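Numbering of residues begins at 1 and proceeds along the displayed sequence. No experiment lies behind these values; they were computed from the predicted model shown.
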Amino acid sequence: MIEKQVIGEWVDELSSKAPVPGGGGASALGGALGAALGQMVANLTVGKKKYAEVQEEIMRGLASLGRLQGELLELADRDAQVFAPLAEAYKLPTETEEQRDEKDKIMESRLLDASLVPMEMMEKVIEILDILEFLEEKGSRMAVSDVGVAVQFARAALNGAVMNVYINTKSMKNREQAEALNEKAGQMIDSGTKKADEIYDRVRARLCK
């Protein structure tokens with residue numbers, strides 16, 4: 001599991017020609033790093049008299065970010081797990097019509113599995129951005145730059161994960177299902193990147209005063 005690996009080892013695996021980890025796992029890790037930075041900001045905020053009025057909300061955000069970090073690391077592993085069966089499905093025989101039909105059926109199922117994992121990553125990242133938005137406004141002023149960094153990790157995770165959605169939906173023969181997934185993913189990209197950019201711009205404006 002990714003959470004048990006030394007980061008250098010995992011990055012070495014990522015750089016190799018091995019099929020996994022790949023872009024999906026890297027996107028999940030980026031989201032987890034954004035969540036971790038958000039937790040740092042929250043931890044630097046709790047217990048300070050200046051932020052006593054938002055202490056309970058900060059604590060809730062801290063707990064949620066911890067949960068989301070763990071879930072994204074699990075999704076990095078799941079992304080690798082769903083790729084192997086999909087890769088095998090591409091090798092299925094197609095000599096007879098029966099074999100072709102069976103391959104199509106298996107391919108559709110495995111392409112869907114491989115699409116749903118990055119979709120779930122995107123949903124988690126949207127949750128992270130909501131909390132980062134609150135931390136930008138109410139968290140420790142001393143750590144506002146870290147909110148900006150966290151937002152960029154989250155933004156990259158969102159835009160990276162959607163690539164894994166699109167590469168799989170592109171191969172689906174069930175175009176209705178593919179377009180439904182693309183539409184949902186597109187909505188998350190539009191709203192998520194807009195929010196990330198707005199938060200980042202506010203942080204940057206604050207730091208450049």
Looking at Glu57 and Lys138, does any basic side-chain N land under 4.0 Å from a carboxylate oxygen? no

Using modelled atom types only, decide if a donor and an acceptor are shared between the side chain of Ser109 and the backbone of Ile106 within a distance under 3.5 Å. no

Before you tell me yes or no, could you show the steps for Glu133 and Arg202 under side-chain contact (heavy atoms from CB on, under 4.5 Å), namely the whole-Å CA-CA distance, both residues' side-chain angles and the distance that decides it to 0.1 Å? CA-CA 10 Å; Glu133 184 175 40; Arg202 288 196 297 271; 3.8 Å; yes

Just so I know, are the side chains of Val54 and Phe134 near enough to count as touching, which here means a heavy-atom distance under 4.5 Å? yes

According to a hydrophobic-cluster definition based on side-chain heavy atoms being under 4.5 Å apart (Ile, Leu, Val, Met, Phe, Trp, Tyr only), do Leu73 and Ile7 belong together? yes

Minimum heavy-atom distance between Val162 and Ala185, given as atom pair plus value: CG2-CB, 3.7 Å

Looking only at non-hydrogen atoms, find the nearest pair between Leu62 and Ala42 and report the distance. CD1-CB, 3.8 Å

What's the spacing between Leu65 CG and Ile131 CD1 if we round to 0.5 Å? 4.0 Å

Where do Asp101 and Glu97 land on the side-chain contact (heavy atoms from CB on, under 4.5 Å) test, with the steps shown first? CA-CA 6 Å; Asp101 289 344; Glu97 185 175 348; 4.0 Å; yes

Tightest non-hydrogen contact, residues Val46 and Ile58, listed as CG1-CG2, 3.4 Å

Rounded to the nearest 0.5 Å, the CG atom of Asp146 sits from the CG atom of Leu132 at a distance of 11.0 Å

Give the cluster check for Met59 versus Leu135: same hydrophobic cluster or not, with ILVMFWY residues linked at side-chain heavy-atom distances below 4.5 Å. yes

Could you measure the distance from the CZ atom of Arg67 to the CD atom of Glu127? Nearest 0.5 Å is fine. 5.0 Å

Between CG of Leu111 and OG of Ser115, what distance do you get to the nearest 0.5 Å? 6.5 Å

I'd like to check Leu112 versus Leu181 (side-chain heavy atoms, cut-off strictly below 4.5 Å). Are they in contact? yes

Determine the minimum heavy-atom distance between Val125 and Ala154, stating which atoms define it. CG1-O, 3.2 Å

Is Lys124 salt-bridged to Glu74, cutoff N-O under 4.0 Å? no

N-O pairing of Glu88 and Lys91 below 4.0 Å: yes

Residues pairing under side-chain hydrogen bond (donor to acceptor under 3.5 Å, both in side chains) where one sits in residues 168-189, two or more places apart or in two chains, turn out to be Asp104-Lys173, Glu123-Lys184, Thr169-Asn182, Arg175-Glu179

Is a side-chain donor or acceptor of Gln55 paired with a backbone partner of Gly47 at a separation under 3.5 angstrom? yes

Do Ile167 and Met163 have side-chain heavy atoms sitting under 4.5 Å apart? no

Can you establish whether the number of heavy atoms outside Arg100 located under 6.0 Å from its atom CZ is more than 12? yes

Please examine the side chains of Asp79 and Phe83, heavy atoms only from C-beta on, and report whether any two atoms are closer than 4.5 Å. no

With a 4.5 Å cut-off on side-chain heavy atoms, are Gln81 and Val20 touching? no

Does some side-chain heavy atom of Ile128 sit less than 4.5 Å from a side-chain heavy atom of Gln69? no

With rounding to the nearest 0.5 Å, note down the distance linking CG in Leu33 to CG in Leu29. 4.5 Å

Closest non-hydrogen atom pair, Ala161 against Ser27: N-OG, 3.3 Å

pair Asp113-Leu86: side-chain heavy atoms closer than 4.5 Å: no

Of all the heavy-atom pairs spanning Trp10 and Pro21, show the shortest one and how long it is. CZ2-CB, 3.5 Å

Would you say that Val151 contacts Glu136 through its side chain, given a criterion of any heavy-atom pair below 4.5 Å between the two side chains? no

Within a reach of under 6.0 Å around CD1 of Ile189, are more than 12 heavy atoms found that belong to other residues, nucleotides or ligands? yes

Glu120 side, atom CD; Leu75 side, atom CG - distance, nearest 0.5 Å: 4.5 Å

Is the side chain of Lys103 donor-acceptor paired with the backbone N or O of Tyr90 at a distance under 3.5 Å, no angle test? yes

